[in-house]
Protein chains: 2
Amino acid sequence: MSRRNACSAEEAASREVCTVLDVLNRVSGKWSLGILSETTRGPVRFAELERSLNGISRRILTLTLRQLEENGLLTRTVYPTVPPKVEYTATDQARELYAQLTGLTAWAARHSAPAPHADAP
Amino acid sequence: MSRRNACSAEEAASREVCTVLDVLNRVSGKWSLGILSETTRGPVRFAELERSLNGISRRILTLTLRQLEENGLLTRTVYPTVPPKVEYTATDQARELYAQLTGLTAWAARHSAPAPHADAP
DNA sequence: CAGGATCCGCCACGATACTG
DNA sequence: CAGTATCGTGGCGGATCCTG
């Protein structure tokens, strides 16, 4: 995740580009969006995520969760029990961001769509 | 660009995630947004882009332009003159997409912003 | 001017094994 | 259960040289 930015002292005109890039970099992980999708529905445990996101490795899951947490998109709740229990939940910011991003499906539908006029596939 | 997707036969629930991921992958290049920013203002030549996007290499510029063109976000116009002249312009889809993406600055402002009311941390 | 070709470094991601 | 540790890999991005 966290693709390089090259946003050092840009020409002000592209200040907006830089901001958007920063935002996207926070969810640029291969699984970040999937994790947000799951956690916006309510608290989810580590193992649950591991199953929902079919194919993700423990390491990447951990790293991505940490990154999302650092960016204030996830809250991590640890229950000091045995066996341990940890729950992840999307923050309000994350919900807003996720909503904004899913708004892109509208764009995708308007374009790469298979003729949106009369006949449905 | 074009980060892997892992969107093969997902559980329908995350169909939306997949779509958004596809969209983001089309502008996931380090310079893609910058290029869109420039080309949405009007036709731009190769060398102009090379200067605007300070630090980009010719190779990456070419590759990114090609990718954006393949995704229908840019139109490439070649003027068969000597010396050659090529102009790139953002398509209408690209303008829509770019507008959607810059909408993320609003989110960024709402959050990671330094308290827009009275006391700043 | 607008690229194509080639070589290379770095980083995200993956697979596996081990632990509190 | 929820991680950490270690090793290996692909591919994006960069630098440089060459060309129609």
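Numbered from 1 within each chain, the chains take letters A, B, ... in sequence-line order.
- Among the protein residues, A:Y88 comes within range of the sugar-phosphate backbone only, with heavy atoms under 4.0 Å from sugar or phosphate atoms but none that close to a base.
- Using a 4.0 Å heavy-atom criterion, one finds that B:R45 contacts the sugar-phosphate atoms exclusively.
- Here the CD-CZ distance, from B:Q93 to A:R110, works out to 10.0 Å after rounding to the nearest 0.5 Å.
- Nucleic acid contact for A:T62: base, since at least one base atom lies under 4.0 Å from a heavy atom of the residue.
- Note that the CG atom of A:L49 and the CD atom of A:E38 stand 6.5 Å from one another [nearest 0.5 Å].
- Atom CG of B:L65 and atom C1' of D:dG13 are 15 Å apart (whole Å).
- As rounded to whole Å, 16 Å separates atom P of C:dT6 from atom CD1 of B:I60.
- Considering only side-chain N and O atoms, A:R76 lies under 4.0 angstrom from the phosphate OP1 or OP2 of D:dG3.
- Look at CD on A:Q67: it is 9 Å from P on C:dA12, rounded to the nearest Å.
- B:L61 has its CG atom 13 Å from the C1' atom of D:dG13, to the nearest Å.
- At whole-Å resolution of the value, CD in B:E50 and P in D:dA15 are 12 Å apart.
- Taking every side-chain heavy atom of A:K85 into account, D:dA2 is the closest of C:dG3, C:dG14, D:dA2.
- Remark: B:T19 OG1 to B:L24 CG distance equals 11.0 Å, nearest 0.5 Å.
- Of the candidate nucleotides C:dG3, D:dA2, C:dA15, C:dG3 has the atom lying nearest to any side-chain atom of B:V86.
- Following rounding to the nearest Å, A:L33 (CG) and C:dC13 (C1') show an atom-to-atom distance of 16 Å.
- The overall bend of the helix from C:dC1-D:dG20 to C:dG20-D:dC1, read as the angle between its terminal helix axes built from five base pairs each, is 50° when rounded to 10 degrees.
- Taking only distance into account, the side chain of B:R59 never meets the base of C:dG3 through a donor-acceptor pair shorter than 3.5 Å.
- Counting heavy atoms from C-beta outward, B:R45 and B:V86 have side chains that stay 4.5 Å or more apart.
- Taking NZ from B:K30 and CG from B:L53, the interatomic distance works out to 11.0 Å, rounded to the nearest 0.5 Å.
- Distances from the side chain of A:R66 to the nucleotides C:dG4, D:dA2, D:dT4 place D:dT4 closest.
- A:L63 places its CG atom 9 Å from the C1' atom of C:dA12, with the value rounded to the nearest Å.
- From B:L73, atom CG reaches atom OG1 of B:T64 across 12.0 Å, with rounding to the nearest 0.5 Å.
- The nearest pair of heavy atoms linking A:F46 to A:R58 is CZ-O, 4.1 Å.
- Nearest nucleotide to the side chain of A:F46, out of D:dG3, C:dA15, D:dG14: D:dG3.
- Of the two residues near DNA chain C, A:R58 and B:A47, the one whose nearest nucleotide lies more 5' is B:A47.
- Connection of A:V78 to A:I35 is established within a shared hydrophobic cluster, with ILVMFWY side chains joined at heavy-atom distances below 4.5 Å, either directly or through further cluster members.
- In this structure, B:L21 atom CG and C:dA12 atom P are separated by 16 Å, rounded to whole Å.
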